[in-house]
Amino acid sequence: MLMPLLLLAATPMDGADERNAVLTNCLFATARAAHASGQSTADFAVTLSRSCLAEEASARRSAVSVLVGRGMSRTSAEMKMKEVLKFGRSAVVRAYSYH
């Protein structure tokens, strides 16, 4: 009886934080590498737009599942995550520009 309760408690949040952390680490690793190579902010923005796409897709799927599990429609959850991820990437570019 305890096992089914543990499985219910583990879904769908299980892994969402980890996937977000993987994406965040990838974005900032890309920024560190670009900074080390002397990329301009404009060049970095292009580099970042082509980087971490698999990590972003994984984080998006996971977050959408969490939002749907909390009662949001899939369409709304997908739109929300599109906005959140776009904002996150632009925040990394802004942070990069301060170096």
Side-chain angles (χ1 to χ4, degrees):
M1 183 67 158
L2 182 59
M3 189 57 139
L5 292 176
L6 289 174
L7 290 175
L8 282 174
T11 44
M13 198 63 181
D14 189 41
D17 289 338
E18 180 180 314
R19 288 180 184 101
N20 185 53
V22 168
L23 172 59
T24 302
N25 287 336
C26 182
L27 294 173
F28 282 101
T30 303
R32 287 189 301 274
H35 182 66
S37 69
Q39 282 190 358
S40 68
T41 300
D43 288 341
F44 171 65
V46 172
T47 297
L48 191 66
S49 73
R50 297 176 182 155
S51 301
C52 308
L53 300 178
E55 294 84 353
E56 182 177 288
S58 180
R60 175 184 284 120
R61 283 190 303 273
S62 184
V64 166
S65 292
V66 169
L67 293 174
V68 168
R70 292 180 179 169
M72 188 178 281
S73 74
R74 179 159 298 279
T75 300
S76 294
E78 288 171 354
M79 288 174 39
K80 176 70 173 175
M81 288 316 303
K82 181 178 179 180
E83 292 172 17
V84 167
L85 292 166
K86 181 179 177 181
F87 178 81
R89 282 183 178 268
S90 66
V92 174
V93 173
R94 281 192 309 277
Y96 182 87
S97 72
Y98 298 136
H99 285 111

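Residue numbers count from 1 along this sequence.
Annotation for Ala31 and Val92: closest pair CB-CG1, 4.4 Å, computed over non-hydrogen atoms. Considering every non-hydrogen atom in both Arg19 and Ser58, the closest pair reads CD-OG, 3.1 Å. Between Ala16 and Val66, the shortest heavy-atom distance links the atoms CB-CG2, 4.0 Å.
Side-chain contact between Leu23 and Leu85 is present, with heavy atoms from C-beta onward closer than 4.5 Å. Between Thr30 and Cys52 the shortest side-chain heavy-atom distance falls below 4.5 Å. Taking the side chain as every heavy atom from C-beta outward, Val64 and Arg61 never approach each other to under 4.5 Å.
The structure places CE of Met79 at 8.5 Å from NZ of Lys82, a figure rounded to the nearest 0.5 Å. With rounding to the nearest 0.5 Å, the separation of OG in Ser65 from CZ in Arg70 is 11.5 Å. One finds the CG atom of Leu48 at 11.5 Å from the OG1 atom of Thr41 (value rounded to the nearest 0.5 Å). Here the straight-line distance linking atom CZ of Arg32 with atom CG of Leu27 works out to 10.5 Å at 0.5 Å rounding. Separating the CE atom in Met81 from the CG atom in Leu67 is a distance of 6.5 Å, to the nearest 0.5 Å.
A cation-pi contact links Arg94 to Phe87, judged by a cut-off of 6.0 Å to the six-membered ring centre and 45° from its axis.
Hydrophobic cluster membership is shared by Val84 and Phe28, with clusters built from Ile, Leu, Val, Met, Phe, Trp and Tyr side chains linked at under 4.5 angstrom.
Electrostatic pairing of Glu56 and Arg60 counts as a salt bridge here, judged by a charged N lying under 4.0 Å from a carboxylate O.
Using the six-membered ring where Trp is involved, Phe44 and Tyr96 have ring planes that are parallel, under 30° apart on the 30 and 60° scheme.
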